[in-house]
Amino acid sequence: MRATVRWTCPSALSLGLCVLAACLPAGAADLVVRVGDRGTAVSDAVVSLVQADGASRGAASAVPPTAAIDQRDLAFLPYVQVARPGGAAVFRNSDHTRHHVYSFSPAATFEMVLGPGERSGRVPLQEEGVVAVGCNIHDQMIAWLYVSDAPWLARTGQGGGVRFRDVPPGDYRVRVWHPRLDARGDAVERRVTLHDAASRSLDIAVRLRPDARAQPDRERADY
């Protein structure tokens, strides 16, 4: 008596899910980091995640190769932007006045004048570091570029949180930076351990100095 073997061809969807599951790190987990200041969610905080032993395992979080910064209502938007070494920044002037954009930071030095509606070329960001950006016409305008090659890197939004997906299990250092951070050194660090497929959340409390950005100088708004 001959046995009959039945084989069912998997659907395209099932096959795709299998391939996706095979590509994910074994036991990978999500890590949610929330940043707060005395009960208030902190936006524009840069959160980076690195292995405690200094190794670099797993896929890095996606950061656009070009950091876009707009100038609108006499302010830089966003206030803080993240970037990777080897990337670039582009500035756009959406105001009805000129802006003189500059930085004298060691990580990147540049200077340009942008008229209404103009857009800069790509400003190279070759080195890691914090780049302070100002306007030589409107002193209250300031922005920050945080350039880092940390495997996981993100900026908090209005809710004060970021989510790093598919992080391999292990010991990690979580680093939080903000331009108004009131702390010794330039960042707050915490340690976290991720176990196989066990997602975690981490709340980090910081203290921020008052916002030094002044009200727009309306006398020079049409300069």
Side-chain angles (χ1 to χ4, degrees), residues 33-48 61-85 87-112 114 116 118-120 122-123 125 128-148 150 152-163 174-183 185-188 204-218 220-221:
V33 180
R34 292 183 292 261
V35 183
D37 179 7
R38 288 159 284 194
T40 300
V42 173
S43 60
D44 292 316
V46 178
V47 183
S48 56
S61 57
V63 173
T66 301
I69 297 182
D70 197 5
Q71 296 156 91
R72 187 183 308 161
D73 297 329
L74 303 184
F76 287 110
L77 298 174
Y79 176 43
V80 175
Q81 187 64 285
V82 296
R84 295 292 193 188
V90 170
F91 297 88
R92 181 179 59 208
N93 185 356
S94 297
D95 277 333
H96 298 293
T97 181
R98 290 189 306 160
H99 289 303
H100 187 167
V101 183
Y102 72 95
S103 175
F104 299 136
S105 302
T109 301
F110 52 85
E111 187 175 7
M112 70 193 79
L114 295 177
E118 290 184 343
R119 181 187 181 96
S120 77
R122 298 177 78 254
V123 178
L125 302 172
E128 283 191 284
V130 176
V131 181
V133 182
C135 175
N136 216 16
I137 300 174
H138 308 98
D139 293 340
Q140 83 281 354
M141 293 179 62
I142 188 169
W144 303 83
L145 285 160
Y146 190 95
V147 187
S148 171
W152 292 271
L153 181 70
R155 172 176 57 93
T156 61
Q158 292 299 318
V162 300
R163 178 185 292 271
V174 181
R175 191 172 193 266
V176 174
W177 177 89
H178 192 281
R180 295 190 286 113
L181 194 65
D182 186 13
D186 62 348
V188 172
I204 298 181
V206 298
R207 286 293 185 96
L208 300 184
R209 296 186 299 271
D211 196 340
R213 289 175 292 175
Q215 293 297 316
D217 185 353
R218 295 302 175 185
R220 307 182 73 181

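On a predicted model such as this, the values are computed, not experimentally measured, just so you know. All values below were derived from every heavy atom in this structure, side-chain atoms included, with hydrogens, water molecules and symmetry-related copies excluded.
- For the atom pair CG (Asn93) and CD (Gln71), the distance works out to 5.0 Å, reported to the nearest 0.5 Å.
- You'll find the side chain of Pro85 stays beyond 4.5 Å of the side chain of Leu125, heavy atoms only.
- At distances below 3.5 Å, not a single donor-acceptor pair connects side-chain atoms of Asp70 with backbone N or O atoms of Leu77.
- Note that the CD1 atom of Ile69 and the OG atom of Ser120 stand 9.5 Å from one another [nearest 0.5 Å].
- Trp144 places none of its side-chain heavy atoms less than 4.5 Å from the side chain of Val131.
- Taking the six-membered ring for Trp and thresholds of 30 and 60 degrees, Tyr146 and Trp177 have ring planes inclined between 30 and 60 degrees apart.
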Would you check, one step at a time, whether the test side-chain contact (heavy atoms from CB on, under 4.5 Å) holds for Arg72 with Arg92? CA-CA 9 Å; Arg72 187 183 308 161; Arg92 181 179 59 208; 4.2 Å; yes
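- Distance alone, capped at 3.5 Å, places no donor-acceptor pair between the Arg34 side chain and the Gly160 backbone.
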Please report the C-alpha distance between Thr66 and Arg122 in whole Å, then the side-chain angles of each, then the deciding distance to 0.1 Å, and finally whether the side-chain contact (heavy atoms from CB on, under 4.5 Å) criterion is met. CA-CA 8 Å; Thr66 301; Arg122 298 177 78 254; 3.8 Å; yes
Test Asp44 against Val42 for side-chain contact (heavy atoms from CB on, under 4.5 Å), laying out the working first. CA-CA 7 Å; Asp44 292 316; Val42 173; over 6 Å; no
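- For the atom pair CZ (Arg155) and CD (Gln81), the distance works out to 5.0 Å, reported to the nearest 0.5 Å.
- Between Glu111 and His100, the side chains place a donor N or O and an acceptor N or O closer than 3.5 Å (distance only, hydrogens not considered).
- Taking every heavy atom of both residues into account, Ala41 and Gly159 meet most closely at CB-O, 3.4 Å.
- Residues Phe110 and Phe91 bring their aromatic ring centres within 6.0 Å.
- Interatomic distance, CG of Leu74 versus NE2 of His96, reported as 10.5 Å (0.5 Å rounding).
- In this structure, the side chains of Val90 and Val123 stay at 4.5 Å or more apart for every pair of heavy atoms.
- For Thr97 against Pro116, the heavy-atom pair with the smallest separation is N-CG, 3.8 Å.
- Between Arg98 atom CZ and His138 atom NE2 the span is 9.0 Å, to the nearest 0.5 Å.
- Listed by chain and residue number, nothing satisfies the ring-ring contact (aromatic ring centres under 6.0 Å, His included) test with His178 (two or more places apart in sequence, or in another chain).
- Between Ile142 and Tyr79, the shortest heavy-atom contact is O-CD1, 3.7 Å.
- The shortest side-chain heavy-atom distance between Val47 and Val35 falls under the 4.5 Å cut-off.
- The closest donor-acceptor contact from the side chain of Ser105 to the backbone of Ala107 lies at 3.5 Å or more, if one exists at all.
- Residues Val176 and Leu181 come closest through the heavy atom pair O-CD2, 4.0 Å.
- Closest of all the heavy-atom pairs between Phe76 and Ala143 is CB-CB, 3.5 Å.
- Between Ser48 and Ala150, the closest heavy-atom pair is CB-CB, 3.8 Å.
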Quick one: do Leu114 and Arg119 satisfy side-chain contact (heavy atoms from CB on, under 4.5 Å)? Show the steps, please. CA-CA 7 Å; Leu114 295 177; Arg119 181 187 181 96; over 6 Å; no
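- Between the CZ atom in Arg84 and the OG atom in Ser148 there is a gap of 6.0 Å [rounded to 0.5 Å].
- Within the 3.5 Å criterion, the main-chain N or O of Ala45 finds a donor-acceptor partner in the side chain of Thr156.
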